2 protein chains.
Amino acid sequence: MDFLNHNPNMLTIAQVERETGLSKDVLRVWERRYGFPAPIRSESGERVYDLEQIERLHVIKRLIDRGFRPGKLFSLTAEELQALAQTQATAKEGQDLPLPFRLIMDEVLSDDNRGLRQALSQLLAKQGLQQFVLDTVPQLNEQVGNLWAAGKLGVHQEHLYSEELSRLLRTAIGNLPTMGRRPRVLLTTLPGEEHGLGLLMVEGVLAPEGVHCLSLGVQTPMEDIVRAVVGHVVDVLVLSFSAAFPPRQGVAALRLLRNRLPGRVEVWAGGSMTRATRAHPISGVHWTPELSDCLVRLADWRDRHPVSG
Amino acid sequence: MDFLNHNPNMLTIAQVERETGLSKDVLRVWERRYGFPAPIRSESGERVYDLEQIERLHVIKRLIDRGFRPGKLFSLTAEELQALAQTQATAKEGQDLPLPFRLIMDEVLSDDNRGLRQALSQLLAKQGLQQFVLDTVPQLNEQVGNLWAAGKLGVHQEHLYSEELSRLLRTAIGNLPTMGRRPRVLLTTLPGEEHGLGLLMVEGVLAPEGVHCLSLGVQTPMEDIVRAVVGHVVDVLVLSFSAAFPPRQGVAALRLLRNRLPGRVEVWAGGSMTRATRAHPISGVHWTPELSDCLVRLADWRDRHPVSG
DNA sequence: TTTCATGTTTTGTCCTGGACAAATAATAGA
DNA sequence: TCTATTATTTGTCCAGGACAAAACATGAAA
């Protein structure tokens, strides 16, 4: 194996795709239409990008995620772009929040994982798991989202936040006494959805109700979801979709999956995406855009399935 | 929004890519070369795949993952393919394993998450966290890998195993007393590496040594790794690479990253991939293919940085 | 026999540039 | 002010050629 080839400060298009999250198709069509990025070519004609371009791509990507359109952005100079990013940064400050929230955000912003862990776990202890997940966590998430949108938060800080929160929730759920009452619930996400926090939150709401939860983590192929549902004799399948999941594809995938599951099994679809799709009913799929909807559905399920014997 | 269009049993090429993990390019070039898959076309000429083809693609993908070459597989009929999958299934049985391992594998195979959780946590309690991670977990992983290669294990069972193991490790790590001695270690994976178990294992080895660990979860873009390393004043950066990570790209990415980090910061690269790359030294990067290598490096680091005052 | 170097085949990735579907913005009508 | 059309922008898909990388086969040297 020869790993010695090219200049270590240059990236191939595949590396840029992984690094920035922009597909090869997009990178090429931007180059064609807007003249940027403008990679040099290897001797065999393949695109080779330097670090400056990657950095600029990152800036552009972030601005697009905040709602700007590519057309506008590509006509700007580097300075204007930078200025725009700065302007945005001051837009949505953390407003009048209750003190505990401000504190937690401060820990996130100051990169203090110990402090963050401490603060989160204190809040959890005060409120109890279910309350914490139903009320506090969504507010925290929103706040993190705001700070992110305002450009105050680096990706690593967002990662740190969700890592510590996951850790805390898992621990709390793990320490719950095992009840294993019906319904048996299977939790996972479809391929393409790699955000697993939603699953943990649902589990944090249901487990205290004594529900038998079974999580497969993220990105389980449909075929395997079907197998698991049958194999585990599951009553309810919970799927979570973040806001980043394209609603069209979500609905298409749910239809497809619904078709292949036994009718007996309920499907609950939750997460931010479902706020956009709730107006489009799918027969046999329940939208649970809010966490509390899961509790409503749970009560309903138990009403219809009284414990016999 | 109109979600009502196409037949819910047909998939677009993008859906097939997500579902099977085969890139669009591969799907198209297979069709061109081997005549399979053979999707019908929408009225606008786009590929539309039916469920049968997806299923066959899944089978083929699995066989390729087990070392078969596409060329061979595409000349087989459906029956031969099925037969091959079956044959493989009996190849690598679980051999003479110590009893506790057999037990755990049985729990995995019987889809019993409660039992699995129980068995794992019992083993952990007996051995202690560090020992458990150093000895037992790698053996379990290997065994799961064997069963997978033998076709005995569904994806959902593999997911279940790693989910329960992660849960257990997180809980155990979370219950450790906080020491926060040097070095300060940052753990994450590069974009493209979505397997996070390795990070947990490293943490499970280092945390009992009193190391100040800080995990960012998976797939942190390089730019943000650099920021986090600087922002958190980290001494050591730990990166994990699963066997699925292409060695070439791993080495290229490490070179790139190393160039952008302060020289003071050590980089430890571990995980199965590094067994293939260890022969290719990168200055400033330490290969730690075995977990115990992390302990060696830790001792070395502490030797060179005696606590002053 | 095993190990390593070399050539050959297979396989996956990249390319161009056109077409069009989907998402978004702009405009007209209620 | 709100809602339905129409226009523009933007991302995805396509074909089919080229070639880089990986896997395999062959032969020479240890």
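Letters A, B, ... are given to chains in the order of the sequence lines, protein chains preceding strands, and every chain is numbered from 1. Since the structure is predicted, the reported quantities are computational estimates derived from the model, not experimental observations.
More than 12 heavy-atom neighbours from other residues, nucleotides or ligands sit within 6.0 angstrom of NE2 on B/H58. Counting non-hydrogen atoms of neighbouring residues, nucleotides and ligands closer than 6.0 angstrom, the CD atom of B/E52 reaches no more than 12 such neighbours.
Summarising the geometry, the separation between CZ on A/R47 and P on C/dG17 is reported as 10 Å, rounded to the nearest angstrom. Put simply, CZ on B/F68 is 18 Å from P on C/dT10, counting in whole angstrom units. In this structure, B/E31 places its CD atom 12 Å from C1' of D/dC13, rounding to the nearest Å. Across the protein-nucleic acid pair, A/L63 atom CG and D/dT10 atom C1' stand 17 Å apart, rounded to whole Å. Rounded to a whole Å, the CG atom of B/D65 is 12 Å from the P atom of D/dA23. One can place CD of B/E17 at 14 Å from P of C/dG12, the figure rounded to the nearest angstrom. Atoms CD (B/E43) and P (D/dC13) sit 17 Å apart, rounded to a whole Å. If you take CD1 of B/I60 and P of C/dT11, they are 12 Å apart, rounded to a whole angstrom.
Nearer to the 5' terminus of DNA chain D, by closest-nucleotide assignment, is the contact made by A/Y34 (compared with the other of A/Y34 and B/I13). Nearest-nucleotide positions on DNA chain D for B/E46 and B/P246 put B/E46 closer to the 5' end. In terms of position along DNA chain C, the nucleotide closest to B/I64 lies nearer the 5' end than the nucleotide closest to the other residue of the pair B/I64 and A/R33. The residue among A/G45 and A/G67 whose nearest nucleotide of DNA chain C is located toward the 5' end is A/G45.
Taking 4.0 Å as the cut-off between side-chain N and carboxylate O, A/E31 and A/R41 count as a salt-bridged pair. A salt bridge is defined here as a Lys NZ or Arg NE, NH1 or NH2 lying under 4.0 Å from an Asp or Glu carboxylate O, and B/D65 with B/R62 fails to meet this definition.
For B/K24 and D/dT12, the shortest distance from a side-chain N or O to OP1 or OP2 is not below 4.0 Å. Contact annotation: B/W30 does not reach the phosphate of C/dT11 (side-chain N/O to OP1 or OP2, under 4.0 Å). Neither OP1 nor OP2 of C/dC20 sits under 4.0 Å from any side-chain N or O of B/S44.
Taking every side-chain heavy atom of A/R41 into account, C/dT16 is the closest of C/dT13, C/dG12, C/dT16. Checking D/dG11, D/dC24, C/dG17 against the side-chain heavy atoms of A/R32 singles out C/dG17 as nearest. Distances were taken from every side-chain heavy atom of A/P70 (C-beta onward) to each of D/dA20, D/dG11, C/dT11; the shortest belongs to D/dG11. Closest to the side chain of A/S23, out of D/dT12, C/dA25, C/dT13, is D/dT12. Taking only side-chain atoms of A/R69, from C-beta outward, the nucleotide of C/dA25, C/dT13, D/dG11 with the closest atom is C/dA25. Checking C/dA21, D/dA22, D/dT12 against every side-chain atom of A/D25, the shortest atom distance belongs to D/dT12.
Residue contacts shown for A/R28 include a base, since a base heavy atom lies under 4.0 Å away.
Looking at every heavy atom in both residues, A/A253 comes nearest to A/L190 through CB-CD1, 3.6 Å. Minimum interatomic distance between B/Q15 and A/A252 (heavy atoms only, all atoms of both residues): NE2-CB, 3.7 Å.
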